[in-house]
Amino acid sequence: MATGVIFDIKRYAINDGPGIRTTIFFKGCPLSCAWCHNPEGMSPKVEKMYSQVKCIGCQECVQACTRNACTLTSEGIVTDKKLCVACGECADACPTTATEMSGQTETTDSIMKILEKETVFFDQSGGGVTFSGGEPLRQAKFLLELLQACGERGIHRTVDTSGFVRLETLLEVARHTDHFLFDLKVMDPEKHKQLTGVSNKLILQNLKLLAETGASINLRLPLVEGVNDDDANIDEVTAFAKSLPGESKKVNLLPYHGVAVHKYEKLGKSYHSNGMAAPSEKRQTQIVERLKAAGVDAVLNG
Ligand code: SF4
Ligand code: SF4
């Protein structure tokens with residue numbers, strides 16, 4: 001049986017595909033978007049998170065660590081990353097959850113047991129499961145086994161992908177997927193590389209080839225003021241969406257939010273989205289109207 005590393009399970013999700021859904025967040029992503037609100041999804045490995053405001057200095061974590069990786073300093077607990085093996089003993093010992101681990105290994109069976117308890121909500125709402133991340137296709141074996149198991153139980157399957165994956169993997173996943181949420185960021189290739197770390201050439205090629213298979217696809221576009229909310233980018237998204245074969249693609253617009261800042265701090269990572277903001281509500285409405293006027297069904301969130 002396949003195993004995989006996930007970092008969260010969100011129940012009763014209403015913006016991750018049709019109906020009420022359970023969203024499983026896979027760890028590991030090939031992109032590093034400047035506005036990422038799930039920084040714990042970037043690394044494929046289990047990671048330690050620490051919050052100084054919750055720390056009472058009891059040193060239970062220091063005692064628990066057999067590798068002597070934790071030290072209490074004037075700035076709270078400092079972890080020597082060269083010594084730490086992410087075993088989680090310190091987090092288990094911490095009485096305040098100041099130390100936590102992000103990431104847990106699951107099996108196909110353990111996830112299916114969780115999903116089976118939710119099927120009444122899925123059936124009543126036309127919902128199902130959404131595999132998100134990070135990038136779920138990075139753990140293709142685990143994802144495929146889950147998709148097949150959900151298919152056998154009649155659970156609707158949505159996959160949320162960056163599209164920066166091998167085409168063969170994407171097409172294999174598509175054979176076991178009912179609906180895709182396919183992320184676009186910014187259409188200019190150079191700007192895309194600056195903001196996400198990778199070119200969008202492969203992403204756009206994959207999206208086109210996926211659409212040619214007749215897959216059901218919603219496009220997702222984060223909206224960041226001054227980054228990708230200009231008319232030129234919106235018009236390029238419009239033209240690309242309209243050029244895709246098959247049913248016309250709905251565009252979900254996801255205004256930026258800065259709620260992830262504390263997660264970066266807990267992971268000890270730099271927060272690249274300092275100063276980023278969502279476009280004003282007026283501008284968000286203008287963008288929706290601009291897409292609609294060009295014949296593209298667009299909705300905020302959803
Ligand atoms: S995760 Fe394990 S090795 Fe790392 S600091 Fe905690 S107890 Fe030590
Ligand atoms: S066990 Fe938790 S509260 Fe105690 S020192 Fe370590 S991180 Fe702080």
Side-chain angles (χ1 to χ4, degrees), residues 1-11 22-115 131-143 145-146 162 197 257-274:
M1 184 181 305
T3 62
V5 182
I6 66 164
F7 66 90
D8 200 7
I9 297 175
K10 184 167 78 178
R11 294 183 175 83
T22 296
T23 304
I24 313 287
F25 293 87
F26 284 45
K27 241 177 155 319
C29 184
L31 275 63
S32 48
C33 303
W35 52 80
C36 180
H37 61 273
N38 282 332
E40 71 275 50
M42 288 178 179
S43 166
K45 295 181 182 160
V46 175
E47 293 171 283
K48 183 173 167 177
M49 298 175 97
Y50 171 70
S51 168
Q52 194 182 355
V53 291
K54 286 189 184 174
C55 180
I56 55 174
C58 66
Q59 300 195 60
E60 291 291 335
C61 54
V62 178
Q63 303 299 325
C65 181
T66 54
R67 297 183 64 86
N68 296 323
C70 298
T71 312
L72 180 64
T73 72
S74 57
E75 288 170 4
I77 293 294
V78 171
T79 301
D80 185 335
K81 290 192 177 168
K82 288 197 197 102
L83 295 176
C84 176
V85 291
C87 66
E89 296 292 333
C90 52
D92 289 345
C94 178
T96 68
T97 69
T99 292
E100 296 172 278
M101 303 309 289
S102 170
Q104 64 209 58
T105 300
E106 298 283 352
T107 65
T108 303
D109 269 2
S110 64
I111 296 290
M112 290 311 298
K113 277 189 187 129
I114 293 166
L115 294 177
F131 298 108
S132 183
E135 171 52 70
L137 277 81
R138 277 217 134 181
Q139 299 185 59
K141 192 170 171 222
F142 184 45
L143 176 63
E145 208 171 276
L146 281 166
S162 68
H257 57 75
V259 295
V261 61
H262 67 285
K263 293 196 219 173
Y264 283 85
E265 285 165 9
K266 283 162 84 172
L267 286 162
K269 289 184 174 167
S270 315
Y271 189 48
H272 297 298
S273 40
N274 265 342

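Both counts, for ligands and for their atoms, begin at 1 and track the order of listing. Only heavy atoms go into these numbers, but all of them, side chains included; no hydrogens, no water, no symmetry mates. Heads up: numbering here begins at 1 and tracks the sequence. Here the structure is a predicted model, which means the values were calculated and not measured.
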Asks: Against heavy atoms of V85, which atoms of ligand 1 measure under 4.0 Å?
Replies: 3 (S), 4 (Fe)
Asks: Restricting to under 2.8 Å, identify the protein N, O or S atoms around atom 6 (Fe) of ligand 2 as residue plus atom.
Replies: C61 SG
Asks: Looking at every non-hydrogen atom in both residues, tell me the closest pair between C61 and C70 and how far apart they are.
Replies: O-SG, 4.1 Å
Asks: Provide the number and element of each atom of ligand 2 under 4.0 Å from a heavy atom of P95.
Replies: 1 (S)
Asks: Number the atoms of ligand 1 from 1 as they appear, then name those within less than 4.0 Å of a heavy atom of K48, with their elements.
Replies: 5 (S)
Asks: Which residue in the set T22, L137, L146 passes side chain to side chain contact (heavy atoms under 4.5 Å, CB included) when paired with F131?
Replies: L146
Asks: Any donor and acceptor pair, going by atom type alone, linking the side chain of E145 with main-chain N or O of A2 inside 3.5 Å?
Replies: yes
Asks: Numbering the atoms of ligand 2 from 1, which are under 4.0 Å from a heavy atom of Y50?
Replies: 7 (S)
Asks: Go through ligand 1 atom by atom and flag the ones less than 4.0 Å from a non-hydrogen atom of G88.
Replies: 1 (S), 2 (Fe)
Asks: Suppose we screen for ring-ring contact (aromatic ring centres under 6.0 Å, His included). Which residues come up paired with H257, at least two apart in sequence or across chains?
Replies: H37
Asks: Ignoring hydrogens and angles, tell me if any N or O in the side chain of K48 forms a donor-acceptor pair with the backbone of A86 under 3.5 Å.
Replies: no
Asks: Does E135 reach the main-chain N or O of S162 with its side chain, forming a donor-acceptor pair under 3.5 Å?
Replies: yes
Asks: For atom 2 (Fe) of ligand 1, grab the closest protein heavy atom and report residue, atom and distance to one decimal in Å.
Replies: C87 SG, 2.3 Å
Asks: Given 3.5 Å as the limit, does a donor-acceptor pair link the side chain of T108 with the main chain of M1, or not?
Replies: no
Asks: Applying ring-ring contact (aromatic ring centres under 6.0 Å, His included), can you list everything that pairs with F7, at least two apart in sequence or on another chain?
Replies: F25
Asks: Rounded to the nearest 0.5 Å, what separates atom SG in C58 from atom CG in L72?
Replies: 9.0 Å
Asks: How far is atom 8 (Fe) of ligand 1 from its nearest protein heavy atom, and which residue and atom name does that atom have?
Replies: C65 SG, 2.3 Å
Asks: Salt bridge (charged side-chain N to carboxylate O under 4.0 Å, His left out) with K269: which residues, sequence neighbours excluded?
Replies: E47
Asks: Where is the nearest protein heavy atom to atom 4 (Fe) of ligand 1: which residue, which atom, and how far?
Replies: C84 SG, 2.4 Å
Asks: Find all atoms of ligand 1 within a distance of less than 4.0 Å from any non-hydrogen atom belonging to A86, and give their numbers and elements.
Replies: 1 (S), 4 (Fe)
